[in-house]
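The shown structure was predicted, so the numbers you read here are calculated from the model rather than taken from an experiment. Just follow the structure's listing: the first ligand is 1, and inside any ligand the first atom is 1.
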Amino acid sequence: MCSIIGYTGSLNVAPVLVESLKRMEYRGYDSVGIATINDGRISTRKGVGRVATVDKSLNFITMAGQIGIGHTRWATHGGVSDKNAHPHYGCTDDIAVVHNGIVENYMELKEELVQLGHKFKSDTDSEVIAHLIERYFAEQKDVTQAIIKTCKKLTGTYAFVAAFEDGTICGSRYDEPLIIGPVENGFFISSDILGFLPYTDKAIFLDNKDIAVIEGPSLKLYDSDGNPLSRPITQVAWELAAIDKGKFTHHTLKEIYEQPHTIITAATQDREKINNFCQILLNSKTIYVTGSGTSYHSALIAKHIFARFAKIRAESIMSSEFQYALDPIDSSSVLVAISQSGETADVLQSVKTAKLMGAKILSIVNIPTSSLARISDSFLSIDCGPEIGVAATKSFTGQLSLLYTVLDTLCYGCVEYKAGKLELVDAIKEVLASETEIGQVADRIREARDIYIMGRSIHYPVALEGALKIKELAYIHAEGIAAGELKHGPLALIDKNSVVVIINPRDTTFDDNLASAHEIKARGAIIIGVSDEPNDVYDIFIRIPSVRVPFYPLLEVVPFQILAYHLALRRNADPDYPRNLAKSVTVK
Ligand code: F6R
């Protein structure tokens, strides 16, 4: 959602913060702000827009000091405006606060503070945190007590960092990540390890309600009652090169091109860990698989392949719907939660609900240090490296690659994914080599009003995923449809202005799909076939190589990723930063 960064040390803080915020911008990017402390005074600059744009007009890097905090915002409470950008202050300018999350009781707190004479300047929920800290700091002049008392007043989710004019930086979290990066002569404090990765590969992950107080080179951690505590230092595995765009124009394109490599990494798992994961699955009576957005599409495929190839029944439930599901979850159940970030609020909420009902939690993440991994009984990581593009690409195929690896363990090698994944590497490379041709398809359909993507069986979740990519990257209405459902309603939408993409590899769905294609053709729509076999019914043909039947979803999503990327370029949308979206959705 939002990103938070704080730094104390010997470097000039402003350029450090600007670069950190650029690296984390994928989390939220409608406004940006920085506060630095110099000679016992805090100065702030903030404005609406992306980091680089606002930096151009506000010249952040001229701000003096070696201590400071910064923030990029993804608006939840209060519109996108300069006054709502962080940092926020209380009534005076001596404590600056940046926040990520939602303070659910902010109206009540605001009323209380207004009655005490506090004056509010923004429409955000976050500003109450600044006023609360100000209020409690005025009582005792004790930073730690001010934070403890503030946290006790807050309900909802938060990670916040406050900077005091004497140079003290402190923060706390509840259900939003906050991580400390120890460096020479100081510390980073950030919502994401990307905030400090160029400076250290060591991280201290704060737990819910932990309080961190940084004074120069000293870090003190406390629990919510002020008792000192310690947290381990974790070695972070990601390589810095992984967050560079390299020769690519966008992170999204780079990540699409990484897939021949990342599907192999995702399938390379510690045997003992995967056996343990599978044993928990096999010991359970009922299996639920959950996720949001793209990760939910992986959950749908998991359900399908577990049933078809391992004869194991699993129910897939969207994380945002999980709390309304009436399924009898108990201690004989297992919930498999799939999430790239491991921080998605809906997913974490589902997991907490299932845990309360006694279920075991298994998870598939890309960030092994994420909240999801840490609350799971067992987790597997796809280890695809950072996914910066807001639209999920390599994490989807990574999740599938890992799920097929799990499947192969469950069914004693019945799908032979060990060999299958090598075949997929070559096939994905072939699709990548056809980027120019797919770009030409984008040229032809760039003005489309509606794009329908159809598939049956295991290809239906890919149709949903393809449509999601087109919606979020190119801002075109796109819909995934189970091809057999066409005649039950969607056919009414089809006319000569519609573009219909049919996912039609040579398997048992092939002939039925061709029949549907003919029905659509009769209504005048443009038909695009994504298949390993051409047919006259297609107006446009996107060829994919033939692979073994179970593995098509891993391959056939790639042309959609490329198509969505090229549609975005042709429609002047930024593929890395789709409007209104954020990479990790840490609010409900
Ligand atoms: C789509 C996309 C989102 C995420 C969803 C879940 O391209 O990126 O739909 O898939 O927000 O995120 P994770 O997997 O981090 O839980």
Please work out which of Q561, Q340, E472 has its closest non-hydrogen atom nearest to atom 1 (C) of ligand 1.
E472

Heavy-atom nearest neighbour in the protein, as seen from atom 9 (O) of ligand 1, with distance rounded to 0.1 Å:
G293 CA, 3.2 Å

Residues K352, D175: salt bridge by 4.0 Å N-O rule
yes

Closer than 4.0 angstrom, basic N to acidic O: yes or no for E19 and K22?
yes

What orientation do F248 and Y257 show, parallel under 30°, tilted 30 to 60°, or perpendicular over 60°?
tilted

Do the ring planes of F322 and Y288 sit parallel (below 30°), tilted (30 to 60°) or perpendicular (above 60°)?
perpendicular

Can an N or O of Q399 be found at a distance shorter than 3.5 Å from an N or O of ligand 1?
no

What are the atoms of ligand 1, with element, lying closer than 4.0 Å to any heavy atom of A391?
7 (O)

About how many Å separate CD of E258 and OG1 of T397, when rounded to the nearest 0.5 Å?
10.0 Å

Atom 15 (O) of ligand 1 has as its nearest protein heavy atom S341 OG, 2.7 Å

Are any of the N/O atoms on A392, whether in the backbone or the side chain, positioned under 3.5 angstrom from an N/O atom of ligand 1?
yes

Can you sort out which atoms of ligand 1 are near S295, meaning under 4.0 Å from one of its heavy atoms?
10 (O), 13 (P), 14 (O)

Tell me whether ligand 1 is touched by V390 - counting only heavy atoms on the residue side and a distance under 4.0 Å.
yes

Just to confirm my output: which protein heavy-atom neighbour is closest to atom 11 (O) of ligand 1, and how far is it?
V585 CG2, 4.1 Å

Looking at E387 and K394, is there a salt bridge between them, counting it only when a charged N and a carboxylate O are closer than 4.0 Å?
no

Is R449 close to H477 at the side-chain level, that is, under 4.5 Å between some pair of heavy atoms?
no

Is the closest basic N to carboxylate O distance between R23 and D192 below 4.0 Å?
no

Touching ligand 1 at all, E343? Heavy atoms, strictly under 4.0 Å?
no

Quick test of your reading of the model: are E465 and K469 salt-bridged, counting only N-O distances below 4.0 Å?
yes

Among non-hydrogen protein atoms, atom 12 (O) of ligand 1 lies closest to T344 OG1, 3.5 Å

What protein heavy atom sits nearest atom 5 (C) of ligand 1, and how far off is it?
S292 O, 3.5 Å

Of T294, L581, I364, I367, the residue with the heavy atom nearest atom 2 (C) of ligand 1 is T294

State the atoms of ligand 1, each with its element, that fall below the 4.0 Å cut-off from a heavy-atom position in K469.
1 (C), 7 (O)

